[in-house]
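For reference, the structure discussed in these notes is given below.
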Protein chains: 2
Amino acid sequence: MANRSDTKTRILDAAEKLFAERGFSETSLRLITSKAEVNLASVNYHFGSKKELIRAVLARYLDVFMPAASSEIVSLQSSDKDASLNDIFSTLVKPLLDLNQLRSEGTRTFLQLLGRGYIESQGHLRWFITTHYGDHLTQFVKAVADSAPHIPPAEMFWRLHFTLGTVVFTMASADALTEIAAADFGEHNDIEAVIRKVIPYLSAGVAVPVTA
Amino acid sequence: MANRSDTKTRILDAAEKLFAERGFSETSLRLITSKAEVNLASVNYHFGSKKELIRAVLARYLDVFMPAASSEIVSLQSSDKDASLNDIFSTLVKPLLDLNQLRSEGTRTFLQLLGRGYIESQGHLRWFITTHYGDHLTQFVKAVADSAPHIPPAEMFWRLHFTLGTVVFTMASADALTEIAAADFGEHNDIEAVIRKVIPYLSAGVAVPVTA
DNA sequence: GTCTATAAAGTGATAGAC
DNA sequence: GTCTATCACTTTATAGAC
């Protein structure tokens, strides 16, 4: 087979690209298998259903990203008891960018998939993420809450979802936005530059005092 | 026919509710016409295609909201030469809430539709909005830029798109989020409460000093 | 303008040969 | 494990009677 990966991997590779670009329900199994150059029936042989394929695509990223993010946060907390919000968010940059070594365009693909998962969700994806990676999420939320103790938990819930929205929308539109920024302002940004632009925005929004 | 509206309106009313709840491609014409209690073929008779129905649904709101928002901003600028970002964003609250008088749940429906439109967009909706309402958008961008003159234009471009992402994602997920907030924190938020929560977050992020 | 009936094309999934 | 062929179903859209 030489440089041809196995069928299961070929399906996952083609599927994640198409899911990220077009969304889950806009991507048919026929499109996936034709891009992957495998037989239509092999999806059901290897994954059982489209739903389970979607979960497998997400799991392949989450299984790498979540532990890496957790360990970065633990090490930040042990070295700096009073880390700022900016520090906490910046901690995620390395685990995110490392996904580019896992696969080409890995960072952007992952963030786009996450966004699609939260928006399109017929329920099963939110459930899948929170039951399989709930501990990591809880740890992250706690780290953020500790570094912004003036924000009540209910308000923090909203602000973290505002933050999630900012990130996933920006990443989903990253191509178009960098293109416009280059044409209109002569700026040339890669994905890391965009991430570094968004962090101060997020930190300011999360930490802004609650108005009475 | 008594209290039964005409077919065209019944279709629009049923469609906007379903589109906002489930997204455009997850909502079939069969579902719309059965909820509207009209014949399946009437959609094509009155609107020509599903795509044009989607545009008609959005236009019914945009034609009301955009001029109202514009005139609020003009009157703010003439009464207060140094309006804050918070003032600018808050200016949109009244035109948004007035949509509730247009139709029941109008505000939430409109914002959710806008979110779906930007996320799901197969291109035709972004195009439709910018070509039909571009002047209003330009005016709004200028008002924001004037009230945060310390932000360079290129940076403002990014921050306004971060802002768009926050709003669009939040509104598309608003139902799920208010449900979780009710379950986990005993909070009961309507759409106005969510809007008033997000404005300080947006203002802080847009105005935060640029780091070197 | 509204209806029935149906065309034409797509979908996920599966049985069964190899 | 991979293939062909096909099932059972859904989708948008339309022709033609009323």
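Below, all heavy atoms of this structure are taken into account, side chains as well, without hydrogens, waters or symmetry copies. The shown structure was predicted, so the numbers you read here are calculated from the model rather than taken from an experiment. Throughout, protein chains are lettered first and strands after them, A, B, ... in sequence-line order, and every chain is numbered starting at 1.
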Rounded to whole Å, please give me the gap between [atom1] in [X] and [atom2] in [N].
X: H46(B); N: dT14(D); atom1: NE2; atom2: C1'; value: 15 Å
X: L18(B); N: dT11(D); atom1: CG; atom2: P; value: 12 Å
X: L29(A); N: dT10(D); atom1: CG; atom2: P; value: 17 Å
X: E26(B); N: dT10(D); atom1: CD; atom2: C1'; value: 13 Å
X: E52(B); N: dA13(D); atom1: CD; atom2: C1'; value: 13 Å

Testing the 3.5 Å rule here: is there a donor-acceptor pair between the side chains of H132(A) and R55(A)?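 Not at all, the side chains of H132(A) and R55(A) share no donor-acceptor pair under 3.5 Å.
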
Any side-chain donor paired with an acceptor under 3.5 Å for N39(B) and S42(B)?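 Short answer, no.
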
Tell me, do E16(A) and Y61(A) make a side-chain contact under 4.5 Å, heavy atoms counted?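 E16(A) reaches Y61(A) side chain to side chain.
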
Please find the earliest and latest nucleotides of DNA chain C, in the 5' to 3' direction, that have an atom within less than 4.0 Å of any heavy atom of chain A.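 Answer, 5' to 3': dT11(C) to dT14(C).
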
When rounded to the nearest 0.5 angstrom, what distance separates OH in Y201(B) from NE2 in H161(A)?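 Here the rounded value is 11.5 Å.
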
Tell me what S42(A) touches on the nucleic acid: a base, only sugar-phosphate, or nothing, going by heavy atoms under 4.0 Å.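 Nothing, no heavy atom under 4.0 Å.
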
Assign T27(B) to base, sugar-phosphate, or nothing according to its heavy-atom contacts below 4.0 angstrom with the strands shown.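 Since only primed, P, OP1 and OP2 atoms lie under 4.0 Å of T27(B), the category is sugar-phosphate.
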
Taking the six-membered ring for Trp and the full ring for Phe, Tyr or His, determine whether the centres of F169(B) and F169(A) are under 6.0 Å apart.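 Centroid distance F169(B)-F169(A): not below 6.0 Å, so no.
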
